[in-house]
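None of the values given here were measured: they were computed from a predicted structure. Per chain, numbering begins at 1; letters A, B, ... match sequence-line order.
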Amino acid sequence: MTATVRTRFAPSPTGYLHIGGARTALFNYLLARRSGGKFALRIEDTDQTRNIAGAEQKLLDDLRWLGLHWDEGPGVGGPAGEYHQSRRLASYQRVARELLDSGKAYYATETREELEAMRRAAQKEQGGFLYRRPTHFPSESEAQKARDEGRPVVVRLKMPPRDVVVSDQILGEVRIAASELYDFVLLKADGWPTYHFAVVVDDEAMGVTHVLRGQEHLMNTPNHIALQEALGYRTPVYAHLPIIMNMDGSKMSKREKDRAVRAAAAARLAAGGGERAALAAAASADPGSFEAWLTGDAQLDGDALRRLARELHVQLPEIEIHDFRLSGYLPETLLNFIALLGWSPGDGRERMSLEEMTAAFSVERIGKTNARFDRAKLLNFNTQAIAAAPKERLLAALRDYLGVSERSPLAGVPDDTLRRLLEINDGLRLFRQLEEKCAALFAPDEALSYDDDAVQKTLIKGERAGLHVLAELQPVLAAVGDWRAAALETAIKGFGESRGLGLGKVAQPIRVAVCGNTVSPPIFDTLELIGRERVLRRIGETLRRLAADAPRAAPPASQGSSS
RNA sequence: GCCCCCAUCGUCUAGAGGCCUAGGACACCGGCUUUUCAAGCCGGCGACCGGGGUUCGAAUCCCCGUGGGGGUACCA
């Protein structure tokens with residue numbers, strides 16, 4: 001009989017979806033799809049102290065955004081009924097009872113302090129601590145008595161005294177010596193199951209046949225295998241994925257975002273440029289915890305961190321899937337890139353759709369070595385994907401981006417204009433880039449800010465040549481009857497030729513005058529989209545403002561800056 | 001400390017004993033193109049961690065060393 005392949009992704013709701021988690025989800029998804037099986041999503045929310053409100057929703061959103069739809073799990077149900085471990089408590093307790101009754105598990109009543117003391121003592125002597133099985137197992141009533149006395153009571157599994165061999169699809173056979181194994185906890189003192197326990201019980205209940213998970217779980221596997229044996233469960237096929245690291249070899253961690261913002265905050269405060277209270281407010285933290293965050297290693301809530309980053313004008317490093325969404329990456333491209341971190345189809349292909357990856361996927365082709373997350377390559381993937389994407393797909397993706405981009409200058413822009421923007425921005429790398437580049441086309445005149453360097457370079461420098469060009473061009477533009485890119489091009493190019501000026505000499509002064517900086521879409525389209533009236537007004541205003549500055553702006557450069 | 005895993009260009013990787021003078025992609029460098037930012041085109045630089053084996057032959061197999069990573073919880 002050929003059992004249906006069932007895989008699962010089982011995150012705990014502690015925040016946004018991580019890059020590593022996304023890849024694990026992807027591989028599980030691909031394996032299930034590839035083999036015509038089922039892909040389930042299970043929420044591992046058994047740690048009462050770690051669950052974060054709203055995190056599950058974020059997790060699901062990220063997964064959906066990526067297009068990794070699950071066949072069973074939250075929102076869609078499935079044969080296992082509940083897919084939140086917090087709602088499956090009864091089954092863990094039932095199984096624990098079974099284990100206790102058959103003598104395969106026992107109560108243990110050491111306190112955390114006692115355990116910690118043993119650990120320290122062992123550390124000193126031999127360097128490693130393994131929980132030593134007690135000589136006496138508390139009876140049911142003794143356990144109850146301990147509980148009554150306020151002592152913690154946990155349930156531990158009796159590990160069989162033999163080596164465990166993990167048959168891993170990627171790593172081969174990994175043998176863990178019996179001497180490395182110990183009686184791990186099944187049920188915590190609060191009655192909730194540990195990860196090890198819940199994962200085994202649920203994988204069995206959900207019929208999971210293949211477990212693809214990060215390599216950080218490799219050393220957990222003997223526990224799971226021992227438990228499966230004790231319970232008479234079959235052992236699923238295991239495949240431990242290599243880990244995704246930062247370019248510098250460090251682990252990709254949310255903490256990086258805190259570090260980036262913390263540094264900026266400290267710099268701001270040191271420069272006397274900001275009130276502590278204001279920053280704390282931006283982070284929606286009370287002064288005490290803000291201070292603790294600022295001076296320590298604590299982590300701020302993702303959204304609070306984002307607000308603070310905005311306040312400080314720092315770019316958060318992209319760590320979680322949501323960060324990439326906010327930067328304006330295409331989800332299908334992110335998925336494609338992530339898939340190649342540890343897997344390759346073997347035929348030299350790199351750019352693949354989810355369907356193509358599904359068709360090509362196999363666990364055998366997953367590598368063993370940790371991969372570094374190279375953002376430069378990702379950016380290139382995205383650039384090429386944007387160039388190759390069908391127009392309507394691109395528009396939908398841009399709409400999605402604008403939906404999550406706070407206070408976007410392009411927020412109210414109609415689809416037709418968005419299409420136009422996409423057309424005139426070839427070479428585009430990220431949606432955020434388009435947003436920044438086109439902001440001036442939609443911003444009200446008062447909101448325009450002029451970049452000093454740009455003004456100096458294109459308008460002032462060289463005896464205000466740029467300014468002169470602008471002044472002469474003004475009436476030419478004013479005379480353009482048909483305010484569209486083509487006619488503007490004719491007029492402006494004609495002007496340039498009549499003066500013997502290359503387009504660059506003409507376009508850049510205009511660009512800076514109407515956009516405030518040297519970067520915008522092609523100048524003729526830019527002018528058309530800004531509109532005749534606003535263009536003329538911005539040019540006039542620029543001329544006026546800089547003329548007033550003239551005495552100061554053009555002193556004979558007697559004291560050279562050379563030193 | 002102890003246990004486990006890993007090791008090909010800067011990065012992601014192809015390579016399953018002769019097809020390898022090691023292939024591709026990104027990055028980088030040079031040139032071209034150019035109204036800005038990009039994009040594009042052409043060319044270039046660039047790796048089998050070290051040492052021992054095994055074999056007629058090793059990037060591929062074995063051992064040791066070194067380096068990197070993971071684990072060492074009543075977190076997952």
Side-chain angles (χ1 to χ4, degrees), chain A residues 10-12 14 44-47 49-50 108 110-112 115-116 119 122-131 152-156 166 168 170-172 174-177 179-180 182 184-190 192-196 198-199 213-220 222 240 242-243 245 247 249 251 337 340-351 367-381 383-384 386-387 425-429 433 436-437 454 458 489 492-493 496 502-508 510-512 515 517-524 526:
Chain A
S12 37
T14 55
E44 310 224 321
D45 51 357
T46 55
D47 186 342
T49 64
R50 290 216 326 167
E110 291 87 354
T111 64
R112 280 175 190 281
L115 253 12
E116 192 45 47
R119 202 166 283 133
Q123 193 72 251
K124 242 192 222 161
E125 283 167 34
Q126 346 119 16
F129 167 72
L130 292 177
Y131 179 83
V153 176
V154 301
V155 175
R156 287 182 185 265
V166 178
D168 188 278
I170 295 169
L171 301 172
V174 179
R175 174 174 227 100
I176 287 88
S179 58
E180 296 298 319
Y182 70 101
F184 64 97
V185 172
L186 261 20
L187 284 184
K188 307 182 223 176
D190 63 6
W192 288 73
T194 57
Y195 162 72
H196 305 295
V199 94
R213 57 171 30 161
Q215 228 170 72
E216 66 269 20
H217 285 295
L218 182 60
M219 300 309 279
N220 291 333
H240 289 92
I243 290 168
M245 321 283 294
M247 275 305 274
K251 201 174 181 184
F337 182 74
L340 265 16
L341 262 25
W343 173 79
S344 81
D347 55 11
R349 266 184 308 163
E350 284 202 321
R351 314 309 157 101
K368 304 175 178 181
T369 57
N370 290 171
R372 296 184 186 212
F373 193 89
D374 185 352
R375 286 180 177 72
K377 183 160 182 172
L378 205 215
L379 228 207
N380 173 273
F381 263 50
T383 306
Q384 295 204 7
I386 285 181
N425 275 288
D426 63 17
L428 183 68
R429 318 203 78 184
Q433 197 184 53
E436 286 166 358
K437 197 164 146 188
T458 65
E489 178 167 359
I492 292 170
K493 280 189 172 163
L503 229 197
K505 294 287 183 202
V506 182
Q508 283 308 78
I510 306 177
R511 200 181 317 266
V512 172
C515 293
N517 60 59
T518 55
V519 179
S520 89
I523 193 64
F524 311 116
T526 297

Visitor: Phosphate oxygens OP1/OP2 of B:rG70: is one of them under 4.0 Å from a side-chain N or O of A:Arg213?
Guide: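 No, because none of the side-chain N or O atoms of A:Arg213 sits under 4.0 Å from OP1 or OP2 of B:rG70.
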
Visitor: Heavy-atom distance under 4.5 Å between the side chains of A:Asp47 and A:Lys188, does that happen here?
Guide: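 Yes, side chains in contact.
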
Visitor: Under 6.0 Å between the ring centres of A:Phe184 and A:Tyr131?
Guide: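 Centroid distance A:Phe184-A:Tyr131: not below 6.0 Å, so no.
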
Visitor: Within less than 4.0 Å of OP1 or OP2 of B:rA38, is there a side-chain N or O belonging to A:Thr383?
Guide: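 So the side chain of A:Thr383 is outside the cut-off, no N or O lying under 4.0 Å from OP1 or OP2 of B:rA38.
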
Visitor: If I pick the P atom on B:rC28 and the same atom on B:rG10, what distance separates them, to the nearest angstrom?
Guide: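 Between the two P atoms, the distance is 15 Å.
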
Visitor: Between A:Gly427 and A:Asn380, which is nearer to the 5' end of RNA chain B once each is assigned its nearest nucleotide?
Guide: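 Result of the comparison: A:Asn380.
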
Visitor: Tabulate atom names and distances for all N/O pairs under 3.5 angstrom spanning the protein and nucleotides 3-5 of chain B.
Guide:
| residue | atom | partner | partner atom | Å |
| --- | --- | --- | --- | --- |
| B:rC3 | O4' | A:Glu180 | OE1 | 3.3 |

Visitor: Does the side chain of A:Gln384 get closer than 4.0 angstrom to OP1 or OP2 of B:rA25 through an N or O atom?
Guide: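 Checking B:rA25 against A:Gln384, no side-chain N or O comes under 4.0 Å of OP1 or OP2.
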
Visitor: Quick one: is A:Arg429 getting a side-chain N or O under 4.0 Å of the B:rA39 phosphate, OP1 or OP2?
Guide: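 Yes, within the criterion.
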
Visitor: From the set B:rG70, B:rU11, B:rU13, return the single nucleotide nearest to any side-chain atom of A:Met247.
Guide: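 My answer, after comparing the listed nucleotides, is B:rU11.
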
Visitor: Would you indicate which nucleotide in B:rU35, B:rC12, B:rC37 comes nearest to any side-chain atom of A:Leu340?
Guide: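 Comparing B:rU35, B:rC12, B:rC37 against the side chain of A:Leu340, the answer is B:rC12.
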
Visitor: Can you tell me, in whole Å, how much space there is between the C1' of B:rU33 and that of B:rG50?
Guide: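 Here B:rU33 and B:rG50 have their C1' atoms 47 Å from each other.
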
Visitor: Please tabulate the protein-to-nucleotide N/O contacts below 3.5 Å involving nucleotides 22-24 of chain B, giving atom names and distances.
Guide:
| residue | atom | partner | partner atom | Å |
| --- | --- | --- | --- | --- |
| B:rG24 | N2 | A:Glu350 | OE2 | 3.3 |

Visitor: Given A:His240, which partner from the list A:Lys368, A:Gln215, A:Arg213 fulfils the side-chain hydrogen bond (donor to acceptor under 3.5 Å, both in side chains) test?
Guide: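 One option only clears the test, and that one is A:Arg213.
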
Visitor: What's the closest nucleotide to the side chain of A:Arg112 if the choices are B:rU35, B:rC37, B:rC74?
Guide: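 In terms of side-chain proximity for A:Arg112, the closest of B:rU35, B:rC37, B:rC74 is B:rC74.
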
Visitor: In terms of side-chain heavy atoms of A:Ala376, which of B:rC74, B:rC26, B:rG69 is nearest?
Guide: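 Closest of the options to the side chain of A:Ala376: B:rC26.
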
Visitor: Between B:rU13, B:rA27, B:rA73, which nucleotide has the shortest distance from any of its atoms to the side chain of A:Ala371?
Guide: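 My answer, after comparing the listed nucleotides, is B:rU13.
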
Visitor: Among B:rA27, B:rU13, B:rC74, which nucleotide sits nearest the side chain of A:Thr369?
Guide: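 Ranking B:rA27, B:rU13, B:rC74 by closest atom to the A:Thr369 side chain puts B:rU13 first.
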
Visitor: Contact class for A:Arg372 vs. all strands (heavy atom < 4.0 Å): base, sugar-phosphate, or nothing?
Guide: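 Here A:Arg372 touches the backbone only, sparing every base.
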
Visitor: Look at all strands and tell whether A:Lys251 reaches a base, only sugar-phosphate, or nothing, counting heavy atoms closer than 4.0 Å.
Guide: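 The residue A:Lys251 makes sugar-phosphate contact but no base contact.
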
Visitor: Both distances below 3.5 Å, Watson-Crick or wobble geometry, any strand: find the nucleotide opposite B:rA25.
Guide: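 For B:rA25, the partner nucleotide comes out as B:rU11, under the 3.5 Å rule.
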
Visitor: Counting only side-chain nitrogens and oxygens, does A:Arg119 get under 4.0 Å of the OP1 or OP2 atom of B:rA73?
Guide: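 For B:rA73, OP1/OP2 do have a side-chain N/O of A:Arg119 under 4.0 Å.
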
Visitor: Look at the side-chain N and O atoms of A:Arg156 and state whether any lies under 4.0 Å from the OP1 or OP2 oxygen of B:rC74.
Guide: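 The answer is yes; a side-chain N or O of A:Arg156 sits under 4.0 Å from OP1 or OP2.
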
